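Shown next, in structure tokens, is the structure this report addresses.
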Amino acid sequence: EVLTDKMRVNIEKAFNVKVYNQYGCNEAGLSGFECEKGNMHLITSRCMYEIDEYGVLLSTDLANDAYIFMKYNTGDIVKLSDEKCSCGRNYPVISKIEGRGNEMLVDQRNKVIHSSYFNFLFKNDHSIKQYQVTFDERSVCINLKVDHTFNRNNRQFYLELIKNDFVFDKYEIATNKEFHIGKNLKHTFIVDKRSQQVLTA
């Protein structure tokens, strides 16, 4: 999860402490920690890393004695800074962590929306048990797994909020339809039908 500025402020106010961000992908041999200067350093002591053409962080863990993953795809979209940090540490500086590449929705204006948007949108509606968002170049469909207490009047309420935040030609909210599953057979929150084939569970 990406620590947002709002989250940081809320935590600092609640506990009256200074909050430092961190990043981790242990299976890739990667971690990152924010220094006292406010920069996030990518700790690369045990790995070889690179950023691919799509901005995804790849890593080969050189300290994994059990099984080596060559150019492990973390799924994390990051940006590295060319500048050195004044704290004196020589580790690369992460200027931005966009989040998981497979958890992004992109609308017709190329606005990128992370799946956490929907977590916050539905978090107080206890009738919604799970969701999945499917989109292509023209349309977006939000499929909700709901129980019998779901208030169908909320459908229009959610549609209006979504229309205000991102742009498509067609919007749909479906309930209790089958979810698509990825190749790894895990539930995915965002399904990009522009570039991948999907299975149905």
Side-chain angles (χ1 to χ4, degrees), residues 1-106 110-120 123 130-133 180-192 194-198:
E1 296 292 334
V2 177
L3 179 66
T4 65
D5 292 338
K6 184 177 181 180
M7 290 177 188
R8 186 194 297 268
V9 169
N10 287 342
I11 296 169
E12 288 182 341
K13 283 184 177 179
F15 295 99
N16 194 29
V17 295
K18 174 69 176 173
V19 172
Y20 292 92
N21 203 356
Q22 72 176 69
Y23 163 79
C25 185
N26 192 54
E27 66 270 27
L30 286 168
S31 59
F33 297 93
E34 184 179 1
C35 73
E36 64 274 14
K37 301 296 184 181
N39 289 320
M40 176 76 76
H41 292 269
L42 184 65
I43 310 303
T44 57
S45 303
R46 58 181 266 197
C47 69
M48 298 284 292
Y49 75 95
E50 62 184 277
I51 308 293
D52 73 7
E53 60 184 310
Y54 303 105
V56 177
L57 181 62
L58 310 178
S59 175
T60 301
D61 185 354
L62 303 177
N64 188 335
D65 294 328
Y67 190 86
I68 190 168
F69 292 101
M70 301 293 293
K71 295 189 174 184
Y72 179 83
N73 186 334
T74 66
D76 295 325
I77 300 174
V78 303
K79 293 181 180 178
L80 298 181
S81 173
D82 294 328
E83 298 184 6
K84 297 289 185 181
C85 181
S86 60
C87 75
R89 296 175 178 89
N90 290 321
Y91 291 112
V93 173
I94 303 174
S95 59
K96 192 171 186 182
I97 302 174
E98 300 282 2
R100 288 292 164 102
N102 60 359
E103 294 177 351
M104 303 290 189
L105 180 148
V106 183
N110 286 323
K111 179 180 179 181
V112 178
I113 301 99
H114 192 271
S115 62
S116 59
Y117 167 95
F118 298 96
N119 295 341
F120 286 104
K123 71 176 182 178
Q130 203 170 24
Y131 73 87
Q132 186 176 72
V133 180
H180 297 298
I181 56 175
K183 293 179 181 178
N184 61 4
L185 302 183
K186 292 182 179 180
H187 177 81
T188 55
F189 293 104
I190 306 289
V191 178
D192 183 354
R194 301 172 306 168
S195 59
Q196 68 183 56
Q197 293 186 349
V198 294

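Treat the numbers as computed from the prediction; the structure is a model and nothing was measured. Sequence positions, counted from 1, serve as the residue numbers for this chain.
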Can you find a heavy atom in the side chain of [X] that is under 4.5 Å from one in the side chain of [Y]?
X	Y	value
V56	N73	yes
M104	I113	no
F15	N10	no
D61	E27	no
V19	R8	yes
Y117	V133	no

Could you work out, with side chain to side chain contact (heavy atoms under 4.5 Å, CB included) as the rule, every residue matching A14, not counting sequence neighbours?
none
What distance do [X] atom [atom1] and [Y] atom [atom2] have between them, rounded to the nearest 0.5 Å?
X	Y	atom1	atom2	answer
I51	S59	CD1	OG	10.0 Å
M7	N21	CE	CG	10.0 Å
I11	N16	CD1	CG	13.5 Å
D65	L62	CG	CG	11.0 Å

Report all side-chain donor-acceptor pairs from residues 84-95 shorter than 3.5 Å, counting only partners two or more places apart or in another chain.
| residue | atom | partner | partner atom | Å |
| --- | --- | --- | --- | --- |
| R89 | NH1 | E36 | OE1 | 3.1 |
| Y91 | OH | S45 | OG | 2.7 |
| S95 | OG | K79 | O | 3.0 |

Any side-chain to backbone donor/acceptor pair from T60 onto K71? Under 3.5 Å, distance only.
yes
Got a donor-acceptor contact below 3.5 angstrom from the Q132 side chain to the V191 backbone?
no
Closest contact, heavy atoms only, [X] versus [Y]:
X	Y	value
L57	T74	O-OG1, 2.7 Å
C47	L30	SG-CD2, 3.5 Å
F189	S115	CB-CB, 4.0 Å

Is the number of heavy atoms from other residues, nucleotides or ligands under 6.0 Å of E50 CD greater than 12?
yes
Non-neighbouring partners of F69 that pass ring pair (Phe, Tyr, Trp, His ring centres under 6.0 Å), sequence neighbours left out
Y67, Y72
Using the ring pair (Phe, Tyr, Trp, His ring centres under 6.0 Å) criterion, which residues pair with F120? Sequence neighbours excluded.
none
Pair V112-L105, side-chain contact (heavy atoms from CB on, under 4.5 Å): steps then yes or no
CA-CA 6 Å; V112 178; L105 180 148; over 6 Å; no
Among pairs that include at least one residue of residues 25-46, which meet ring pair (Phe, Tyr, Trp, His ring centres under 6.0 Å), considering only residues two or more places apart or in two chains?
none
Got a sec, which residues hit salt bridge (Lys or Arg N to Asp or Glu O under 4.0 Å) with E12, two or more places apart in sequence or on another chain?
none
